[in-house]
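Values below: every heavy atom of this structure, side chains too, minus hydrogens, waters and symmetry copies. Just so we're clear, the structure is a prediction, and the values are computed from it rather than from any experiment. Indexing begins at 1, ligand by ligand and atom by atom, following the structure's order.
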Amino acid sequence: MYIFRLSLKRRISVCVLITCQVFLMLIYFYAQFEPNKETSEGNGIKFLQNSEEFGDQRATYHTSKSNIILKTASTRRNFVDFNSSLCFKNGTDLPSMKINRAKWKCNCLPGWHGNDCGFPEVLWRAVLASKKPVKIKGPRTFERRLIYLFKIDRFSEYIADIRINDLGSIVDLFILYEDDTSDYLRRKLDADFCKEYQHKILYAKSDGTNLWKRLKGYLKNLRNDDIVLSSDSNEIPNRDALIFLKFYDQWPQPVKFRYRWSVFGFYWMHPSKTITGGGACTVSFLKESFNNDVKLLNDNKTLSSPAYKGLTLGDLNHYGGWYCEYCNNPAEIVQFLASKPTNVINWNRIEHQKVDNNYIEDLIENGVYVDGKTELKKAHKYKDMYFAPKFVMEHDWKYDFLLINFYSKADYYDI
Ligand SMILES: *[C@@H]1O[C@H](CO)[C@@H](O)[C@H](O)[C@H]1NC(C)=O
Ligand SMILES: *[C@@H]1O[C@H](CO)[C@@H](O)[C@H](O)[C@H]1NC(C)=O
Ligand SMILES: *[C@@H]1O[C@H](CO)[C@@H](O)[C@H](O)[C@H]1NC(C)=O
């Protein structure tokens, strides 16, 4: 009896040992063959490898202590050379040109123009509409680098996330900043906010001094013809237009954007349809005309001043991007309105009610602006080619609350 029990114990311990070994081997194999998601992205850009360029092995964001080296990229990979003409790949109907080999002229896709099909619709129209003759040259041999500065607080997090993801592959450096007293953005970044693009993010605090003057010293190989872009928290500039600015020369400065004005989500539009905002220019223009003050790029005075005519991208039918106002959930909109005591609310209309979730949900359902009187226009997801930025349309599960009006039954069932 006693012997039997011993051997049973032994058998059990052998079994446990074998199980442990098998388990360890499984872990080993899993670690060996798990695909490493970090190392590559669809278009062949290698992220971890790339971060070495910034002198930093970890794919994490930069702070003012970093030395940042901006990469130099040739524009050629974006063009096809057909002996006598260079055609912009994404604007050209390449299959049709392969059939008709005798004709070495770029066949542009709808929405693209110019000899090399490199002019997106908004740019083409802006050049045609401009009073002064515009002589744009290009493509350049090397891309200009694009540096995008904007402020993030808890109310602008969704739009910031859209901007970074929509523009992340064409922006060379994001300078994201927050108020001196806030720690919100830093905590978000530490919690992997926009992790895929963190190697392109420089985090800063605005302390009232000139942010650009303070930070540009960290960009070791900044060039005079690189682009500085700055927008207010609701703005998502048109991606194709930004690519154009990187590839071509002699566009008028400063560049302004006429944004499509969405309210609560992309499904409602303000009846004014557009709103003009800032702003892009080159590093040298910023220094010479604005004394390095980035704020002037999206300041209303600059935008409306005849002294800075520049180029305005977008009109009433083709937009220079999106301005998504109150694009948050009702609770956040209530907090936002409470944090900024403005006079947009028509207190008479709401009488003894207070501005609460129900009030905001009511506005969203019925398409009424926060002033309580302006009627919003309905936008149609499937009929409107400028309904929302491409990244948002392609990730509709993530941004469904900005694409579908969940407070309106009519909209919910509308196709
Ligand atoms: C284009 O250039 C290549 C190399 O220079 C040449 O072999 C080819 O015949 C040219 N094609 C045409 C249609 O001119
Ligand atoms: C060209 O189009 C591809 C596919 O949509 C996209 O991934 C790429 O970023 C575009 N390139 C440029 C320069 O716009
Ligand atoms: C900006 O200026 C324009 C024209 O001067 C004016 O109509 C508009 O209300 C101003 N916007 C803001 C936000 O001050």
Side-chain angles (χ1 to χ4, degrees), residues 37-47 49-50 53 70-82 85-98 106-127 136-148 161-174 194 196-201 225-227 229 236-249 251 255 257 280 313-314 318-322 385-396 398-399:
K37 274 192 255 158
E38 304 281 2
T39 48
S40 66
E41 198 225 31
N43 57 11
I45 295 172
K46 299 246 193 284
F47 281 107
Q49 280 86 333
N50 242 6
E53 284 191 79
L70 300 166
K71 73 174 199 299
T72 297
S74 160
T75 57
R76 285 296 177 262
R77 69 199 159 92
N78 295 290
F79 291 83
V80 186
D81 194 346
F82 283 96
S85 34
L86 215 53
C87 304
F88 180 58
K89 272 187 201 165
N90 284 12
T92 308
D93 187 358
L94 292 169
S96 80
M97 292 184 62
K98 294 209 171 91
C106 310
N107 284 344
C108 297
L109 288 168
W112 294 88
H113 305 268
N115 288 337
D116 57 10
C117 303
F119 286 66
E121 193 76 46
V122 278
L123 226 127
W124 187 247
R125 286 167 174 264
V127 169
I136 286 177
K137 285 199 175 147
R140 302 155 52 89
T141 313
F142 293 103
E143 293 177 16
R144 297 168 194 273
R145 278 81 61 90
L146 176 59
I147 296 144
Y148 190 4
D161 183 73
I162 294 171
R163 284 196 274 212
I164 294 169
N165 283 295
D166 193 43
L167 305 174
S169 63
I170 61 157
V171 167
D172 296 275
L173 184 72
F174 290 99
C194 292
E196 191 184 352
Y197 294 109
Q198 281 207 358
H199 64 289
K200 289 187 173 187
I201 291 174
D225 60 1
D226 288 339
I227 304 164
L229 168 68
I236 309 161
N238 181 306
R239 182 189 151 94
D240 291 333
L242 295 177
I243 293 171
F244 181 92
L245 300 180
K246 292 185 74 169
F247 288 1
Y248 292 82
D249 278 329
W251 29 268
V255 174
F257 297 85
L313 300 180
H318 299 273
Y319 306 96
W322 290 263
M385 71 181 205
Y386 288 95
F387 184 73
K390 192 161 159 247
F391 181 81
V392 176
M393 295 299 274
E394 286 171 358
H395 296 79
D396 51 0
K398 185 175 177 188
Y399 300 109

*Which of the atoms of ligand 2 are close to Arg239, meaning less than 4.0 Å from one of its heavy atoms?*
9 (O)
*To the nearest 0.5 Å, tell me how far Trp112 CH2 sits from Asn107 CG.*
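Separation between the atoms: 15.5 Å.
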Between the side chains of [Y] and [X], is the shortest nitrogen-to-carboxylate-oxygen separation below 4.0 Å, so that they form an ion pair?
{"X": "Lys71", "Y": "Asp172", "answer": "yes"}
{"X": "Arg77", "Y": "Glu143", "answer": "yes"}
{"X": "Arg144", "Y": "Asp226", "answer": "no"}

*asked:* I want to confirm something. Looking only at heavy atoms, which of Ile243, Asn90, Asp240 is nearest to atom 1 (C) of ligand 2?
replied: Asn90
*Any idea which part of Lys89 is under 4.0 Å from ligand 2, heavy-atom wise: side chain, backbone, both or neither?*
neither
